[in-house]
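Here is how names work: the chains are called A, B, and so on, in the same order as the sequence lines, proteins then strands, and each is numbered from 1.
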There are 2 protein chains.
Amino acid sequence: MADKNKSTKERIIGAANSLFYMAGIRATSVDAIAAKAGITKRSLYYHFQSKDELIAEYLGSRDQLNLNAYKKWFAAQEGDVSAKLRALFNGILETTSHPKWRGCGFQRTVGELANKPGHPAIRVASLHKKKVEQWLAEEFCHNGLVNADVTARHVFLLLEGAMAAMLVHRDPAYIRQAAEAAALLVSHAAQSEDC
Amino acid sequence: MADKNKSTKERIIGAANSLFYMAGIRATSVDAIAAKAGITKRSLYYHFQSKDELIAEYLGSRDQLNLNAYKKWFAAQEGDVSAKLRALFNGILETTSHPKWRGCGFQRTVGELANKPGHPAIRVASLHKKKVEQWLAEEFCHNGLVNADVTARHVFLLLEGAMAAMLVHRDPAYIRQAAEAAALLVSHAAQSEDC
DNA sequence: GTCTATAAGCCGATAGAC
DNA sequence: GTCTATCGGCTTATAGAC
C-alpha cells in the first residue's frame, strides 16, 4: 500500500479530505475519519487538538491543489488571454460535471461554519480565494489588460457564481455562460502599457 | 403575543427558519426547533413527517420573501434598467452587510445537503434560483434588452458569486464590484425591438 | 393534537495502560 | 504514539396516555 509510506498525520488528513468533502463537515464524525485512516480515535486526537483544527488542515491541504489545477489549465492553452481563460473554464466544466463533484469545498465549509465567525477554516478559505483572485490579476496584468485587478475580481465573482449555480442546478450550461460573461468582460478591458 | 394568532405549523416553520438559517441545518436539532416553537418534539413530528421535510418547508418559506425583496428594490428605483439594477445590488449590499447575515440560505442548505442528491430541499432551492433568474429575464426583456435571457443568466451568476464571496470575505466591495460587472454586461446588451 | 417517556445509537473528547 | 474503554451528552424518531 502506498499509504504505508505516508505519515499517520498525512493519512488522517487524506481520510478527512475524502469524508469532509464528500459528506460535509458536520455529517462526518471523528470516528469515521479515524476508521478510514486505519487508526483509533485516540490516536487521531494525539495528532490534532480538535475537530476544528482538522477542518482547517483539510482545507489547507486543498489550497495548492486547487490553485495548481487552475494554473495548469490556464497555462496549457496556447494563444491570448481570452483563449487561456476559456481553457480555465473548460477545466472547471469537466471537474464540476463529474458525478462525484460536490461543489467547492471552500464554499461549502464556509457555509457550514457561518455561525462560527473567526473559525480557523474560514481564514484558510478566505486566503485561498484571495490567492485565486490575485493569480488572475497577475495573469491579466502580464497579458496587458487595463485595470487587471478589477477584471480579475469580476472573473473571480463569475467563477464563484458558476460553482454555486452548478451545485444547485447541476447544469453545465451555467459554467459555459459564466465563461461567456468572463470573456465579454475581459475583451472590454483593452491593452495597456504595463502593470 | 403575535405568535398566539399563528397556527402551530406556522410557529414551527418560524422557529426552523430562524435556527436553520442562523446555525445551519445539521447544527440545528429537532429538539431545539420544538423548544423555540414552544411545543414538544412529539407534537412537531405530528405536523411534519421528518426533519428532511421540515428543511424543505423552511426553504419554501423563504422563496417568495427573497424574491419579493429583489422585486421591491428593483421597482422602487426610478430610471432605466441599469439604475434599477444598481438599486437591486444596493439592497443586497445592505442586507449582506448586516452582522446577522449568514449567507444565502439556499446556497448554504444545498451545500450541506450536497451528499443527498434529490433531497426535496434541493429541488426547492433550484426552483427558487430559477425564479430569480427568470424574473431578471422578464425585466430585461420589458426594458428592451437584446438577449435578455443570456444577460439575465450573467447577472444571476454575478449575484450568486457576490453572495458566496461576501460570506467568505465579509467585504462589501465584492457586492459593489459584482454590481459594476453586471452594469457592464447590461450596457453591452443594447436596445431591441420586442420580447 | 399535545403530552411524558424512551428507544437505540452516535457525538467530540479524555483517562490511563503499554 | 497507539491502544482499549468510557464519559456525559446529544441525535432522530417513536410508543402510548389523555
Side-chain angles (χ1 to χ4, degrees), chain A residues 1 3-59 108-109 112-116 118-122, chain B residues 1 3-59 108-109 112-116 118-122:
Chain A
M1 295 282 288
D3 284 5
K4 283 281 177 63
N5 298 325
K6 292 182 184 175
S7 71
T8 301
K9 196 160 185 174
E10 284 171 328
R11 272 188 295 125
I12 294 170
I13 291 179
N17 182 45
S18 164
L19 293 172
F20 278 150
Y21 179 71
M22 291 305 286
I25 302 297
R26 285 197 147 98
T28 299
S29 67
V30 176
D31 290 80
I33 294 168
K36 180 140 192 166
I39 57 166
T40 63
K41 191 162 47 172
R42 189 65 186 86
S43 298
L44 186 150
Y45 275 104
Y46 173 82
H47 292 280
F48 297 92
Q49 200 177 9
S50 64
K51 184 179 181 179
D52 286 327
E53 182 183 320
L54 187 51
I55 299 165
E57 297 234 21
Y58 144 65
L59 280 192
R108 281 175 61 217
T109 301
E112 275 208 63
L113 302 177
N115 62 331
K116 299 194 172 179
H119 192 290
I122 297 178
Chain B
M1 296 282 286
D3 285 3
K4 284 279 177 64
N5 298 325
K6 291 183 185 174
S7 71
T8 302
K9 196 160 184 173
E10 284 172 328
R11 274 188 293 126
I12 295 170
I13 292 178
N17 182 46
S18 164
L19 293 171
F20 279 150
Y21 179 71
M22 291 306 285
I25 303 297
R26 285 198 145 99
T28 299
S29 68
V30 177
D31 291 79
I33 295 169
K36 180 141 193 168
I39 57 165
T40 62
K41 193 163 42 173
R42 189 64 186 86
S43 298
L44 186 150
Y45 275 105
Y46 173 82
H47 292 280
F48 297 92
Q49 201 177 10
S50 64
K51 183 179 182 180
D52 285 328
E53 184 184 317
L54 187 50
I55 299 166
E57 297 235 22
Y58 144 64
L59 280 191
R108 281 175 60 217
T109 301
E112 276 208 63
L113 302 176
N115 62 331
K116 299 195 172 178
H119 191 289
I122 297 178

Between the protein and nucleotides 16-18 of chain C, are there any N/O to N/O pairs under 3.5 Å, and if so, what are the atom names and distances?
residue: dG16(C); atom: O6; partner: Arg42(A); partner atom: NE; Å: 3.4

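To the nearest 0.5 Å, the span separating CZ on Phe48(B) from CD1 on Ile33(B) amounts to 9.5 Å. Rounded to the nearest 0.5 angstrom, Ile55(B) CD1 and Ile122(B) CD1 are separated by 10.0 Å. Expressed to the nearest 0.5 Å, how far OG1 of Thr109(A) lies from CD of Glu112(B) amounts to 10.5 Å. Considering CD1 of Ile13(A) and OG1 of Thr8(A), their distance stands at 11.5 Å, rounded to 0.5 Å. The structure places CD1 of Ile12(A) at 5.0 Å from NE2 of His47(A), a figure rounded to the nearest 0.5 Å. The structure places CE of Met22(A) at 11.0 Å from CG of Asn17(A), a figure rounded to the nearest 0.5 Å.
Whole-Å rounding puts the Phe20(B) CZ to dT12(D) C1' distance at 12 Å. If you take NZ of Lys41(A) and C1' of dC11(C), they are 7 Å apart, rounded to a whole angstrom. Going from atom CG of Leu44(B) over to atom C1' of dC3(C) covers 14 Å, rounded to whole Å. The nearest whole Å value for the distance from the NZ atom in Lys116(B) to the C1' atom in dT12(D) is 11 Å. For the pair Tyr46(A) OH and dT4(D) P, the interatomic distance rounds to 18 Å; values are reported in whole Å. Between the P atom of dA13(D) and the CD1 atom of Ile12(B) lies a distance of 14 Å, rounded to the nearest Å.
Residues of residues 23-33 of chain B having a heavy atom closer than 4.0 Å to DNA chain C: none are found. Of the residues in residues 47-57 of chain B, those placing a heavy atom less than 4.0 Å from an atom of DNA chain D are Ser50(B), Lys51(B), in numerical order.
The shortest distance between the side-chain N/O atoms of Ser43(A) and the OP1/OP2 oxygens of dG1(D) is not below 4.0 Å. The side chain of Thr40(B) contributes no N or O atom lying less than 4.0 Å from OP1 or OP2 of dT2(C).
The side chain of Tyr45(A) sits closest to dT14(C) out of dT14(C), dA13(D), dC3(C).
Lys9(B) pairs by the side-chain hydrogen bond (donor to acceptor under 3.5 Å, both in side chains) definition with nothing, not counting sequence neighbours. Looking at residues two or more places apart in sequence or on another chain, you find a side-chain hydrogen bond (donor to acceptor under 3.5 Å, both in side chains) between Asp52(A) and His119(A).
Note on residues 11-39 of chain B: pairs passing ring pair (Phe, Tyr, Trp, His ring centres under 6.0 Å), not counting sequence neighbours, are Phe20(B)-Tyr58(B).
With Glu53(B) contributing its side chain and Gln49(B) its backbone, the two residues share a donor-acceptor pair below 3.5 Å.
Between Leu54(B) and Leu44(B), the closest side-chain pair of non-hydrogen atoms falls below 4.5 Å.
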